[in-house]
Asks: 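Before I ask anything, here is the structure I am working with.
The analysis underlying the following values was restricted to heavy atoms, covering all of them including side chains, and did not include hydrogens, waters or symmetry mates. For ligands, and for the atoms within them, numbers begin at 1 and follow the listed sequence. None of these values were measured; they are calculated from a predicted model.
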Amino acid sequence: MKCYPVPRENLVLSIDNLKDDIPEEYLSHKECYENVIRKGSVLYDIFSELSKDRKHKAHQAPSNAYRISDGIMQNVNPFLLHFALFVPAITNQATPEQQAEFLKHGFGIIGTYAQTELGHGTFLRGLETTATLDLETDEFVLNSPTLTSYKWWPGGLGHTANHCVVMAQLYVKGKCHGPHLFFVQIRDIETHEPLPGLKLGEIGAKMGFNTADNGFLGFHNFRIPRNNMLMKNSQVLKDGTYVESKNEKLTYGSMVFVRVYLLSDMAYMLARAATISVRYSAVRHQSHIKPDEPEVQILDFVIQQHKLFISIATSHAFKICGLWLWQTYSKVMEDIGKGSMDRLPELHALSCCLKTTSTRDAGWLIEQCRLACGGHGYLMSSNLPSLYTTATAAITYEGESTVLLLQTARYLIKSWKRAMEGESLPATVSFLSEYFNKRYNKWENTPKGIVDGLKLVVAGVTKMCAESIQKHVSRGQQYEEAWNSSSVQLIKASEAYSRALLCEVFWFEVDKVSSTLSNNLAVVLKQLAELYITYWALEKRGDLLVYTTISKDDLDKLQERYEELLALIRPNAVGLVDSFDIRDEILCSTLGAYDGRVYERMMEHALKSPLNAETVNQSFHKYMKPVILKHKI
Ligand SMILES: CCCCCCCCCC/C=C\CCCCCCCC(=O)SCCNC(=O)CCNC(=O)[C@H](O)C(C)(C)COP(=O)(O)OP(=O)(O)OC[C@H]1O[C@@H](n2cnc3c(N)ncnc32)[C@H](O)[C@@H]1OP(=O)(O)O
Ligand SMILES: Cc1cc2nc3c(=O)[nH]c(=O)nc-3n(C[C@H](O)[C@H](O)[C@H](O)COP(=O)(O)OP(=O)(O)OC[C@H]3O[C@@H](n4cnc5c(N)ncnc54)[C@H](O)[C@@H]3O)c2cc1C
């Protein structure tokens, strides 16, 4: 086995057979997949060696370690689900003995997480795949009773994975105990052929994520040992006794891990888009500001700064909040390990709204970065289109955004009711209890004043939702109907809550560490945090006018301060994106390369198009010429 030393960017990126002769966008769907497996296997080998001396940790803090793959596999790593969900699901939901058994082959097996079905993605209690205990043989029999019960979407399922963790309805002695997780081998380790009783394949081309190998899987009387049910939280004994979980929500734990992780993931996606668009805006000269002076860098247009600097600030906001959320996650997981699940609802609510806001913001901000680069941003060689399609997939996967915001709203309404009954609340929602005391406080045009104002908006909208639900109930609707009738406002409450959290955590974390930083760094970071908070105060001025004592004059002053901040950040803009320290081989962009040779790189890339291999394409003679000659006058 060829052993690699600990991979560092320059080592991995120096491996020759990880480079592409032909840009990925010129390969077929099948060639793309084969190419990414070729490169992914080299990386998988490196990570396997690297991980041999490390136990599979249930929860590894967000790091950029797997970022190297972003440069190697510009689209998506088909092995990602193995690391993102398959291993965490086993370490999170299996007993220690099962972990030892299922993971004994280490990286000798490649897994995915098969939960979503053709007919169900959100409503997990509606999943149709069944796992029925056969007492006589001490096995579970897995079946896909309908076409809609086929697993559909799991990454790597089509042709890459040979194992998966499957979410299926557990049936014991004719009784359904709801969704549970099962460890299932789906392909022969040696031949990679699908095992008998399975129907496996790839779901077809998508708007992006096309090397993720998302697949489908159908079971027909497929048998697995009883011990293959992940039994950390609930168990099925040999005699068919079902032992309930202390908390059925623990089954959903793997999804929380990825949702928490995605905040940091989106920070990095945005850092790449900001680096590309800001560097390009410093190179691109177009039009005049003063008629009698040369064409200017488009970065000197204030409106260009307005489009782009929010992405720099947001990347830092997501990075800082991502670490804050990760610390919360780690603490809650530690508590759960000690038997306390008190903070799980809070973690679920936080991860749902922050995952949604970070993925949605990453999507529209990356698109804004692309549009700010004009036509050249529309080239695949800019890498902005791929960043967009990769980021926006996250708005849907790991919990569709609307659905997750409603989950957070459920927590806000419960917290509001507890606040109205005088109960004490966790720090992340304690502001709900202070609404009536602070509702008419004098507005302060400071970052802290804005954060306090945004919290008043959350409380005010949550109060309005609670009243709306009560109104519908009093008119005869059931609670669930009243909830549905109020869902437009409930989404607004969650969105406001998420924004207030991001502003608060960003500002106070920066403020907390600023005394430990060099003065220059502290000044710039605070400028970015203040820009972020002021940007959103101006975006949400309507809500602030309704729920706080902010005045038109205050808003005018905020607009003035915002424009001051743009001017203050302008001299550091290129330095700020350089400090993301994303090397060219990972940025993969003709517009964003460090040396600024944009036009030369664009031409070099264009000449790699297969169409440029000859001056006259054969289609002229085959198709065009006969028509031209026929109609030639
Ligand atoms: C190469 C090396 C790499 C190494 C690094 C790896 C790092 C990872 C990087 C990550 C980045 C990218 C990779 C990702 C690639 C793509 C992955 C995509 C994977 C998937 O999409 S998996 C499928 C995801 N599916 C979902 O999320 C389904 C969404 N639906 C649900 O969660 C639920 O159905 C629901 C919407 C919550 C509804 O639940 P239910 O029907 O039960 O209804 P209720 O609303 O009544 O809820 C009941 C009750 O339960 C609480 N609850 C619900 N969910 C959770 C939870 N997850 N945790 C805790 N509690 C939960 C809810 O609050 C209710 O409680 P209450 O009654 O109010 O007390
Ligand atoms: C790129 C990508 C990768 C993926 N990878 C995986 C994977 O590896 N493993 C896996 O198991 N799954 C994976 N998925 C599937 C993903 O988790 C689901 O697509 C997601 O959970 C949404 O479910 P759905 O697609 O069935 O949409 P649905 O749940 O049908 O939702 C459709 C629409 O209905 C709305 N809706 C649904 N329920 C409600 C409600 N209660 N209230 C209000 N509105 C509602 C939603 O808001 C949404 O707009 C992936 C998906 C994508 C796009």
Asks: Any atoms of ligand 1 less than 4.0 Å from a non-hydrogen atom of Y397? List them with their elements.
Replies: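 Near Y397, meaning under 4.0 Å from one of its heavy atoms, ligand 1 has 12 (C), 14 (C), 15 (C), 16 (C), 17 (C), 18 (C), 21 (O).
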Asks: Below a 4.0 angstrom heavy-atom separation, can you tell me which part of L85, side chain or backbone, both or neither, approaches ligand 2?
Replies: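 Contact part for L85 vs ligand 2: neither.
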Asks: Identify which of Q407, M266, R410 has a heavy atom lying nearest to atom 67 (O) of ligand 1.
Replies: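 Looking at heavy atoms only, R410 sits closest to atom 67 (O) of ligand 1.
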Asks: Please determine if E467 and K471 form a salt bridge, counting it only when a charged side-chain N lies under 4.0 Å from a carboxylate O.
Replies: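 Salt bridge: no.
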Asks: So, N143 versus T130: side-chain donor-acceptor pair below 3.5 Å or not?
Replies: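 There is no such pair between these side chains.
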Asks: Using a 4.0 Å cutoff against the non-hydrogen atoms of M255, which atoms of ligand 1 qualify?
Replies: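 That gives atoms 24 (C), 25 (N), 26 (C), 27 (O), 28 (C) of ligand 1.
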Asks: With backbone taken as N, CA, C and O and side chain as the heavy atoms from C-beta onward, which portion of L347 lies under 4.0 Å from ligand 1: side chain, backbone, both, or neither?
Replies: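 Neither part.
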Asks: For atom 45 (C) of ligand 2, what's the nearest protein heavy-atom neighbour? Residue, atom name and distance, please.
Replies: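 Of every protein heavy atom, V403 CG2, 3.8 Å lies nearest to atom 45 (C) of ligand 2.
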Asks: Where does V256 meet ligand 1, judged by heavy-atom distances below 4.0 Å: at the side chain, the backbone, both, or neither?
Replies: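 Only the side chain of V256 comes within reach of ligand 1.
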Asks: Protein heavy atoms: any of them under 4.0 Å from atom 9 (N) of ligand 2?
Replies: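 Looking at atom 9 (N) of ligand 2, one finds that a protein heavy atom does lie closer than 4.0 Å.
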Asks: Will you find, in the side chains of S144 and E128, an N or O donor that is under 3.5 Å from an N or O acceptor?
Replies: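 No donor-acceptor contact under 3.5 Å links the two side chains.
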Asks: On a heavy-atom basis, I'd like to know which of G40, S264, A84, P345 is closest to atom 8 (C) of ligand 1.
Replies: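 Selected option, by shortest heavy-atom distance: A84.
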Asks: Heavy atoms only, cut-off 4.0 Å: how does L262 contact ligand 1, side chain, backbone, both, or neither?
Replies: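 Side chain only; the backbone of L262 stays clear of ligand 1.
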Asks: May I ask which of L250, V403, V87 has a heavy atom nearer to atom 36 (C) of ligand 1 than the others do?
Replies: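 The residue whose heavy atom sits nearest atom 36 (C) of ligand 1 is V403.
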Asks: Counting only heavy atoms on the protein side, is anything nearer than 4.0 Å to atom 35 (C) of ligand 2?
Replies: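 Under 4.0 Å from atom 35 (C) of ligand 2, zero protein heavy atoms found.
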Asks: Kindly confirm or rule out an N or O of R125 lying under 3.5 angstrom from an N or O of ligand 1.
Replies: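 Yes - when backbone and side-chain N and O of R125 are compared with those of ligand 1, one distance drops under 3.5 Å.
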Asks: Return the option from H348, R259, E400, E398 holding the heavy atom at the smallest distance from atom 32 (O) of ligand 1.
Replies: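 Looking at heavy atoms only, R259 sits closest to atom 32 (O) of ligand 1.
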Asks: Any idea which atoms of ligand 1 are less than 4.0 Å away from a heavy-atom of Q115?
Replies: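 The list of qualifying atoms is 23 (C), 24 (C), 25 (N), 26 (C), 28 (C).
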Asks: Given A89, G121, G399, identify the one with the heavy atom nearest to atom 28 (C) of ligand 1.
Replies: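 Nearest heavy atom to atom 28 (C) of ligand 1 lies in G121.
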Asks: Would E398 count as a contact residue for ligand 2, given that I'm defining contact as a non-hydrogen atom of the residue lying under 4.0 Å from a ligand atom?
Replies: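 Contact check E398 vs ligand 2: positive.
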Asks: Please work out, at 4.0 Å between heavy atoms, whether the side chain, the backbone, both, or neither of L157 comes within that distance of ligand 2.
Replies: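 None of L157 does.
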Asks: For E495, is there an ion pair with R499 - N to carboxylate O distance below 4.0 angstrom?
Replies: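 Here R499 does not pair with E495 in a salt bridge, since their nearest N and O are not under 4.0 Å apart.
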Asks: Please compare A161, G121, A84 and report which has the shortest non-hydrogen distance to atom 26 (O) of ligand 2.
Replies: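 That would be G121.
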Asks: Is the shortest N/O to N/O distance between Y113 and ligand 1 below 3.5 Å?
Replies: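 Y113 vs ligand 1: no N/O contact under 3.5 Å.
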Asks: Among all protein heavy atoms in this structure, tell me which lies nearest to atom 12 (N) of ligand 2, with the distance rounded to 0.1 Å.
Replies: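 In this structure, atom 12 (N) of ligand 2 has T116 OG1, 2.7 Å as its nearest protein heavy atom.
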Asks: Do Y33 and T160 get their side chains close enough for a donor-acceptor pair, meaning under 3.5 Å?
Replies: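 The criterion, which ignores hydrogens and geometry beyond distance, is satisfied for T160 and Y33.
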Asks: Looking only at protein heavy atoms, which one is nearest to atom 7 (C) of ligand 2, and what is the separation?
Replies: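 Checking every protein heavy atom, the shortest distance to atom 7 (C) of ligand 2 gives P154 CA, 3.4 Å.
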Asks: What is the nearest protein non-hydrogen atom to atom 20 (C) of ligand 2, stated with its residue, atom name and distance?
Replies: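 Scanning the protein heavy atoms, the shortest distance from atom 20 (C) of ligand 2 goes to T396 O, 3.5 Å.
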Asks: Protein non-hydrogen atoms only, distance under 4.0 Å: does atom 42 (N) of ligand 2 have such a neighbour?
Replies: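 True for atom 42 (N) of ligand 2.
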Asks: Just going by heavy-atom distances, which of M167, Q407, Q115, E400 is nearest to atom 22 (C) of ligand 2?
Replies: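 The residue whose heavy atom sits nearest atom 22 (C) of ligand 2 is E400.
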Asks: Considering both backbone and side-chain atoms of K249, is one of its nitrogen or oxygen atoms within less than 3.5 Å of a nitrogen or oxygen in ligand 1?
Replies: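 Between K249 and ligand 1, an N or O pair is found under 3.5 Å apart.
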Asks: Any idea which part of F209 is under 4.0 Å from ligand 2, heavy-atom wise: side chain, backbone, both or neither?
Replies: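 It is the side chain that gets close, since no backbone atom is under 4.0 Å.
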Asks: Pairing donors with acceptors under 3.5 angstrom, does anything connect the side chains of K246 and N233?
Replies: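 Side chains of K246 and N233: no pair found under 3.5 Å.
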Asks: Is it true that atom CD of E481 has more than 12 heavy atoms of other residues, nucleotides or ligands lying nearer than 6.0 Å?
Replies: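 Buried by this count: over 12 neighbours within 6.0 Å.
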